[in-house]
There are 2 protein chains.
Amino acid sequence: MAYRATAFTENRKAQTRSRLLKEATRLVSRAGFRGLSIAQVASASGVATGTVYRYFPSKSELCIAVFEQATQREIDAVKAASRLPRPPLQQLEQAFDCFIQRALKNPHLAYALIAEPVDPGLEQTRLVYRGRWAETFAQLIQQGIDQGALAQQPAHLVGTALVGAMAETVIIPLQQARHEAGNHTPVTQAHCRQIIDFCRHAVLQTEPSS
Amino acid sequence: MAYRATAFTENRKAQTRSRLLKEATRLVSRAGFRGLSIAQVASASGVATGTVYRYFPSKSELCIAVFEQATQREIDAVKAASRLPRPPLQQLEQAFDCFIQRALKNPHLAYALIAEPVDPGLEQTRLVYRGRWAETFAQLIQQGIDQGALAQQPAHLVGTALVGAMAETVIIPLQQARHEAGNHTPVTQAHCRQIIDFCRHAVLQTEPSS
DNA sequence: CAAAGAAATGAATCATGGTTCACATTATGG
DNA sequence: CCATAATGTGAACCATGATTCATTTCTTTG
């Protein structure tokens, strides 16, 4: 018996892996998945290109890892923001607001996670997480229904629709801004207010669905 | 003066161009923009690859032309469907329904036009047309407001949100189905009904926005 | 320290598919 | 029919960037 990875080595490997992931995420936040090259990740992390392949079997897998980590972080943040002890409708608004505000904080990452064209492997993963986003909002809606604060409605579908609505109204304008001059945010707080109003009205449907 | 294009030649050129466009659109309807190669377009149209470049300066431009033609066709159809002399709310519902039904008829094309990852040049064009989609619905909403059938609301933003909501609830499930077994449509008419209900409720907001 | 197993290296390789271009073919007008 | 100009051809070219792998360096243990 001449070699067996020791705790120190295992730890170092874990550190390298998370450094790769962190630098890759940083690159994606700057230039999207499109701007992610193995060579860049390697040099930003202080390793050789070949080394990246010791930790991720392919670029696609690396992208997926970046995506999953970053998206899960967003979902967790939104869930945490809506967990405060409030009436269901206010919890929902907290969730909308958190989603939007975080997207504004890191618009490039938001675009990359939700809308940027990506390779098919990642697109499939994104599909899974779109479902999780919808489910996140659907749970809050369902609670509202159960507690009588919201009218009966198909919670999952409405959650899905709201995710789409927020993506379209928040992410797209941010993306447009990137192509135009200046770095000003075209999504003002007033705009955010309107988006949240839209979402509130959408779940506050009063008329029965005939 | 030894040569000047005659009407006959001009006509033949126009025919070739539209054949290229048509075959390219057919390929996109089958396999998305990802499945569009110059070589395939050429052979499907009965010309050599180089010939394609006599009509379109690059693949990107060809994709853009396909996209613009197909999307404009969709927008025109939705506008036509909503032009019937009806109360504003019913006109809107006609528009929603037309959008959804046409997407179901040609799910691959719908996905390609609205959600498929595409190259940056096309993505930019898509951004422009997303605005046109939003504007299409916004006009109907504004009419409803002007006629007192709908509450005061930011028509353009609501139009944008509805486009996002429909895209997310219709296109995404269709796309998921592609990855799974079977070719059955996971979007039933009942599902469509719910989507339209959601959209109606969203514009029928009764509560003033505080 | 020596042996042996892991891990790191990074230049060379490879795959893909858009794009070019020298040449062939066809259309026009005298 | 000839000269001229435009269009068609498709095999060769090229750019990009992921991936590989022979070699080197580092870790572990006896």
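Just the heavy atoms: all of them, side chains too, but no hydrogens, waters or symmetry mates, feed the values below. The chains referred to below are lettered A, B, ... by the order of the sequence lines, with proteins before strands, and numbering in each begins at 1. No experiment lies behind these values; they were computed from the predicted model shown.
- Other residues, nucleotides and ligands contribute more than 12 heavy atoms inside 6.0 Å of the CZ atom of A:Arg19.
- Between B:Gly50 and B:Glu10, the one whose closest nucleotide on DNA chain D sits nearer the 5' end is B:Glu10.
- Between B:Arg102 and B:Glu74 there is a salt bridge, with a side-chain nitrogen of the basic residue lying less than 4.0 Å from a carboxylate oxygen of the acidic one.
- Checking side-chain atoms of B:Glu93 against main-chain N and O of B:Arg200 turns up no donor-acceptor pair under 3.5 Å.
- Look at A:Thr51 and you'll find a side-chain N or O under 4.0 angstrom from OP1 or OP2 of C:dT9.
- Between B:Lys59 atom NZ and C:dT20 atom C1' there is a gap of 17 Å when expressed in whole angstrom units.
- Taking 4.0 angstrom as the limit, A:Lys13 places a side-chain polar atom (N or O) nearer than this to OP1 or OP2 of C:dA7.
- Taking the charged nitrogens against the carboxylate oxygens, B:Asp76 and B:Arg73 have no contact shorter than 4.0 Å, which rules out a salt bridge.
- Taking 4.0 angstrom as the limit, A:Thr49 places none of its side-chain polar atoms (N or O) nearer than this to OP1 or OP2 of C:dG10.
- Annotation: ring pair (Phe, Tyr, Trp, His ring centres under 6.0 Å) contacts of A:Tyr53 (sequence neighbours excluded): none.
- Candidate nucleotides D:dT19, C:dG18, D:dT9 were compared by shortest atom distance to the side chain of B:Tyr53, and C:dG18 ranks first.
- Within 4.0 Å of A:Leu36, counting heavy atoms only, lie sugar-phosphate atoms of the nucleic acid but no base atom.
- The distance from atom CZ of B:Phe33 to atom C1' of C:dG18 is 17 Å, rounded to the nearest whole Å.
- Here D:dG8 presents its C1' atom at 17 Å from CZ of B:Arg17, a figure rounded to the nearest Å.
- Remark: A:Arg12 is in phosphate contact with D:dT27, judged by side-chain N or O atoms under 4.0 Å from OP1 or OP2.
- Less than 4.0 Å separates DNA chain D from at least one heavy atom of each of the following residues of residues 37-44 of chain A: A:Ser37, A:Ile38.
- Nearest to the side chain of A:Arg54, among D:dT27, C:dA8, D:dT19, sits C:dA8.
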Would you give me the side-chain donor-acceptor pairs under 3.5 Å for residues 154-173 of chain B, sequence neighbours excluded?
{"unit_1": "B:His156", "atom_1": "ND1", "unit_2": "B:Glu135", "atom_2": "OE1", "d": "2.8"}
{"unit_1": "B:Thr160", "atom_1": "OG1", "unit_2": "B:His156", "atom_2": "O", "d": "2.9"}
{"unit_1": "B:Glu168", "atom_1": "OE1", "unit_2": "A:Arg130", "atom_2": "NH1", "d": "2.4"}
{"unit_1": "B:Glu168", "atom_1": "OE2", "unit_2": "A:Arg130", "atom_2": "NH1", "d": "3.0"}
{"unit_1": "B:Thr169", "atom_1": "OG1", "unit_2": "B:Ala165", "atom_2": "O", "d": "2.7"}
{"unit_1": "B:Thr169", "atom_1": "OG1", "unit_2": "B:Met166", "atom_2": "O", "d": "3.3"}

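- At least one side-chain nitrogen or oxygen of A:Tyr55 sits closer than 4.0 Å to the OP1 or OP2 atom of C:dA8.
- Defined by atom type and a distance below 3.5 Å, a donor-acceptor pair is present between the side-chain atoms of A:Gln101 and A:Gln189.
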